[in-house]
Amino acid sequence: MHTRRIPLLAALGAALSAALIVSPAAANAKEAPGQDKPGHYSFAVIGDVPYGADQVGAFPSMIDRINAEPGIELAFHVGDIKTGSSPCTDEYNASIRAQFDRFDTPLVYTPGDNEWTDCHRPAAGGYDPLERLTAVRAAFFATPGQTLGADPIRVDSQADLGIPENVSLRRQGVAFAALHVVGSNNGLAPWTGLTTPQPAQLAEEQARMDAVIALVRDTFSDARRRNDRAVVLFQQADMFDPTVAPKPSNTSAFTRLVQVIVDESGSFGGEVYLIDGDSHRYHVDQPVAAGSSWLDYYGVVGAADNLTRITVDGEQQNVDFLKVTVNRPGAEHVLSWERINYDS
């Protein structure tokens with residue numbers, strides 16, 4: 001069973017919630033003998049935080065709580081470091097960077113739409129989103145190939161493609177990749193006062209998605225060559241949001257990525273996990289398993305029954321972080337996880 005320290009939030013219905021909901025099948029780390037021996041480690045995942053003044057004020061204590069959790073060796077932030085209606089200033093980015101560097105463990109951060117894509121909104125300052133993307137890269141990825149946190153480690157990055165935030169790493173038979181894929185239709189939502197994406201907007205999205213797809217393919221290729229047990233992908237965008245009825249204007253940019261993930265997962269012999277944020281409510285499902293309505297929605301060929309998607313709590317629901325444990329060989333599943341309240 002997934003263990004947890006807070007009650008599960010009620011699941012929200014939506015037009016495509018027929019995607020297969022995973023039963024609590026990920027093994028508890030204690031179910032197999034010897035899971036407390038070397039090779040058994042955990043990582044923390046947060047996203048869509050801090051949102052608003054109260055969470056900004058509480059963010060240091062949230063980090064302190066994650067730092068205090070036994071067994072955490074890595075941390076991941078899956079994007080959205082602010083609300084979509086707060087100013088996208090350099091000063092704010094610097095303040096969050098300072099907090100990120102308080103993590104005792106290496107921290108991998110992949111940007112969300114709120115910190116650059118949506119900065120055209122008047123309430124966010126009316127910025128040029130592409131200029132704000134440059135600012136995000138300057139604030140958080142000035143040293144390509146290195147994580148954030150007080151004890152950074154080296155990672156492989158796509159800095160040579162101008163996308164240093166796309167990174168990958170491997171630890172004890174598990175391949176990790178952080179993908180810069182965001183809401184607002186991956187950055188193609190029209191900017192304020194416009195009705196269609198602009199040429200520069202389209203070019204940026206295509207280049208970034210090309211790089212993401214290359215990273216996904218490379219990660220799976222390396223995982224197959226090394227006989228890894230699992231591939232874990234992180235991104236901000238919830239491409240299978242169960243809380244709203246999907247529309248092409250919000251999802252069209254994701255189609256080719258979904259197909260690539262299905263192709264690569266379906267031909268991988270291990271387990272695959274996609275961990276995202278964006279929709280703000282904890283959710284676990286198998287959105288590209290055979291029979292899922294998402295396959296028809298995206299027009300995907302094939303299916304991938306070995307992929308489990310996990311959405312972390314965020315925004316007002318951000319009262320907890322996700323502690324994910326990489327179990328030793330012999331456990332029923334490679335990963336198990338629990339939601340841990342910051343007040344626990």
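Just so it is clear, the model here is predicted, and its values are computed rather than measured.
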Just so I know, are the side chains of I275 and F176 near enough to count as touching, which here means a heavy-atom distance under 4.5 Å? no
Result block: side-chain N/O donor-acceptor pairs under 3.5 angstrom for residues 194-203, not counting sequence neighbours:
unit_1 : atom_1 : unit_2 : atom_2 : d
Q198   : NE2    : T196   : O      : 3.0
Q201   : OE1    : Q198   : N      : 3.0
Q201   : NE2    : G187   : O      : 2.8
Q201   : NE2    : A189   : O      : 2.8

Please examine the side chains of T83 and E315, heavy atoms only from C-beta on, and report whether any two atoms are closer than 4.5 Å. no
Rounded to the nearest 0.5 Å, how far does CG of D104 lie from CD1 of I66? 10.5 Å
Restricting to non-hydrogen atoms, name the atom on T251 and the atom on Y297 that form the minimum distance, rounded to 0.1 Å. OG1-OH, 2.7 Å
Would you call the rings of W337 and Y273 parallel, tilted or perpendicular if under 30° counts as parallel and over 60° as perpendicular? perpendicular
Please list all pairs passing the disulfide (SG to SG under 2.5 Å) test where one or both residues lie in residues 68-106, with sequence neighbours left out. C88-C119
With salt bridge (Lys or Arg N to Asp or Glu O under 4.0 Å) as the rule and sequence neighbours excluded, what pairs involving residues 184-200 come up? none
Mind checking ring-ring contact (aromatic ring centres under 6.0 Å, His included) for F59 and listing every partner two or more places apart, or none if nothing turns up? none
Six-ring centre of Y282, R339 cation under 6.0 angstrom, axis tolerance 45°: yes
Are any non-hydrogen side-chain atoms of V300 and V288 less than 4.5 angstrom apart? no
Which pairs pass side-chain hydrogen bond (donor to acceptor under 3.5 Å, both in side chains) with one or both residues in residues 134-144, sequence neighbours excluded? R137-E165
Using 0.5 Å steps for rounding, measure from the CG atom of D320 to the CG atom of L322. 8.0 Å
Given side chains that start at C-beta, do those of F103 and L148 come closer than 4.5 Å, heavy atoms only? no
Heavy-atom closest pair, residues P111 and V182: O-CG1, 3.4 Å
Taking salt bridge (Lys or Arg N to Asp or Glu O under 4.0 Å) as the cut-off, I'd like each qualifying pair that reaches into residues 169-197, sequence neighbours left out, listed once. E73-R171, R170-D228
Are any of the side-chain heavy atoms of V45 and V324 separated by less than 4.5 Å? yes
Within this structure, what is the OG1-CG distance for the pair T117 and L130, rounded to the nearest 0.5 Å? 8.5 Å
Answer yes or no: is there a side-chain heavy-atom contact under 4.5 Å between S95 and Y92? yes
What heavy-atom pair brings N306 and G270 nearest, and what distance separates the two atoms? ND2-O, 3.0 Å
In short, disulfide (SG to SG under 2.5 Å) pairs touching residues 148-216 with sequence neighbours left out are none
Return each pair, listed once, that meets salt bridge (Lys or Arg N to Asp or Glu O under 4.0 Å) where at least one residue sits in residues 76-90; pairs must be two or more places apart or across chains. D90-R132
Pair R102, D64 - check salt bridge (Lys or Arg N to Asp or Glu O under 4.0 Å), show working. CA-CA 8 Å; R102 294 184 58 251; D64 290 343; 2.4 Å; yes
What heavy-atom pair brings T110 and L179 nearest, and what distance separates the two atoms? OG1-O, 3.0 Å
Using the salt bridge (Lys or Arg N to Asp or Glu O under 4.0 Å) rule, collect all pairs that involve residues 254-265, keeping only residues at least two apart or in two chains. D210-R256, R224-E264
Verify side-chain contact (heavy atoms from CB on, under 4.5 Å) between R309 and D285, making sure each step is shown before the conclusion. CA-CA 5 Å; R309 187 275 294 267; D285 62 8; 3.0 Å; yes
Contact between I153 and L74 at the side-chain level, heavy atoms closer than 4.5 Å - yes or no? yes
Point-to-point distance, once rounded to the nearest 0.5 Å, from CD of E204 to CH2 of W116: 4.0 Å
Report the C-alpha separation of Q236 and D278 in whole Å, then their side-chain angles, then the decisive distance to 0.1 Å, and conclude whether the side-chain hydrogen bond (donor to acceptor under 3.5 Å, both in side chains) test is met. CA-CA 6 Å; Q236 190 255 340; D278 192 22; 3.2 Å; yes
Among residues two or more places apart or on two chains, list those pairs meeting side-chain hydrogen bond (donor to acceptor under 3.5 Å, both in side chains) that have a residue in residues 184-193. D113-S184, D118-S184, H120-T192, N185-S252, N186-E205, N186-R208
Could you walk me through whether Q235 and L257 pass the side-chain contact (heavy atoms from CB on, under 4.5 Å) test, one step at a time? CA-CA 12 Å; Q235 66 182 47; L257 175 60; 3.7 Å; yes
My understanding is that only residues two or more places apart in sequence, or in another chain, count here; which of them pass salt bridge (charged side-chain N to carboxylate O under 4.0 Å, His left out) with D101? R97
Is there a path of hydrophobic side-chain contacts, each under 4.5 Å between heavy atoms, that joins I163 and V181? no
pair T311-R281: side-chain heavy atoms closer than 4.5 Å: no
Over 60° means perpendicular and under 30° means parallel, so tell me whether F76 and F234 are parallel, tilted or perpendicular. parallel
May I have all residue pairs that pass ring-ring contact (aromatic ring centres under 6.0 Å, His included) and include part of residues 149-173, sequence neighbours excluded? none
Provide the closest heavy-atom pair for L274 versus M239 in the form atom of the first, atom of the second, distance. CD2-CE, 4.2 Å
Check: F254 ring centroid to Y298 ring centroid under 6.0 Å: no
Check this for me: D54, atom CG, are more than 12 non-hydrogen atoms of other residues, nucleotides or ligands nearer than 6.0 Å? no
How close do I96 and P50 get, heavy atom to heavy atom, and via which atoms? CD1-CG, 3.7 Å
